[in-house]
Amino acid sequence: MSFAYGGEITRSFAIGGALLVKWGRQNFYREYLERDINNVYDKFEESDYSNLDFNYLKINESVERKISSVTGNLGMLWKIGDFTRLTANIKLPSYNEITFDDSLHAYVVWDNGEAIEKPYRTSNYGITYALYLPAEYSMGLSFHAMGATLSTGIEYSDLSSIHIDNVNHNDLYIGISDSYISSQNKLFRSELGGRLSWGVGAEYQLPKIPITLRVAYNSKSSPYKYDVDGATQKIYSIGAGLDLDQGFRIDFGMQYFQYNEYMALYGRDIESRYTLTNKPLNFSLNMSYRF
């Protein structure tokens, strides 16, 4: 749900703003069953002179997620002459409230029908925390003349200001502890930094031919302060559009990405870490018809 307002201050300057409110819910029930159909676990235990004769394991899991979010945007448009446009926008910091409400029941049944005396069970518990995301600042500039449009834009956000707060849980042994929240907030400040994205692009309408050509370059820096060399994502794009009779249009595009990632084969094991170089190439073909 959103509320927006915009208006012209002068014939060449306009401002606008919006309030965005989101909420959603996800819940599901999952049942897991593992049965010993090959009788693998039928063996004699010498310690207590009995047979370990496992039949099946059953796990019932109930999961519920709820999230709500509030944020806003402020923007302006400045017309400079007949050919140039300058825009600026601020995406305000957002407040997000996230709730987990889960339960799990697991038990084992033997071939004689007896269930384990103390099955693993968790009662329904609720964990609610608030996640604050930082503001995003962006500017754009475009120029149009003689069938060509040139544009550029920049966006910046300080991710080190991400913050978790307002922890609420019913079970101290299951919920998120205050010490964990504090450690995560310190980790955000020490590991994350500013994320900068910028790009340039051009579009040209061929004279007397219904073909439009496009080319663009984008750069997105890594949000991590101590990331590997080459972590900044570089995107090269080209495309073309063909307008046919009666409102039918075909668009073709190609994007080439180049960036490095720091990976690990075994979780946090330092010895298994390596740098992965990614160079994916994406193609797209779109067809549209305007009535």
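- Partners of Y256 under the ring pair (Phe, Tyr, Trp, His ring centres under 6.0 Å) rule, at least two apart in sequence or in another chain, do not exist in this structure.
- Shown here for M146 and Y204, the closest heavy-atom pair between the two residues is O-CE1, 3.7 Å.
- Using cut-offs of 30° and 60° on the angle between ring planes, the pair Y56 and Y107 is perpendicular.
- Annotation: side-chain contact (heavy atoms from CB on, under 4.5 Å) contacts of F257 (sequence neighbours excluded): Q233, I235, Q255, Y259, P280, N282.
- Of all heavy-atom pairs spanning S160 and L192, the tightest one is CB-O, 3.3 Å.
- You'll find the side chain of W198 stays beyond 4.5 Å of the side chain of Y156, heavy atoms only.
- Across all non-hydrogen atoms, the minimal contact from L285 to I250 is CD1-CG2, 3.8 Å.
- A search for side-chain contact (heavy atoms from CB on, under 4.5 Å) contacts involving L141 returns T84, L86, T152, not counting sequence neighbours.
- Among residues at least two apart or in separate chains, there is no side chain to side chain donor-acceptor pair (under 3.5 Å) pair with a member in residues 131-141.
- With hydrogens and angles disregarded, no donor-acceptor distance shorter than 3.5 Å links the side chain of N218 to the backbone of S197.
- Distance CD1/I181 to NE2/H163: 8.5 Å, rounded to 0.5 Å.
- To the nearest 0.5 Å, the span separating CZ on R214 from CD on E203 amounts to 5.0 Å.
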Give every donor-acceptor pair under 3.5 Å between a side-chain atom in residues 68-80 and any protein atom, sequence neighbours left out.
unit_1	atom_1	unit_2	atom_2	d
S69	OG	N96	OD1	2.9
T71	OG1	L92	O	2.9

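- For the pair N89 and K91, the tightest heavy-atom approach, listed with the atom from each and the gap, is ND2-N, 3.9 Å.
- The two atoms that bring R273 and A264 nearest to each other are CG-CB, 3.9 Å, heavy atoms only.
- Among residue pairs with one or both ends in residues 15-40, none qualify as ring-ring contact (aromatic ring centres under 6.0 Å, His included); sequence neighbours excluded.
- A donor-acceptor contact under 3.5 angstrom links the side chains of T128 and T99, judged on distance only.
- Considering all non-hydrogen atoms of both residues, L159 and P134 come closest at CD2-CG, 3.9 Å.
- The backbone N or O of L196 lies less than 3.5 Å from a partner atom in the side chain of S221, making a donor-acceptor pair.
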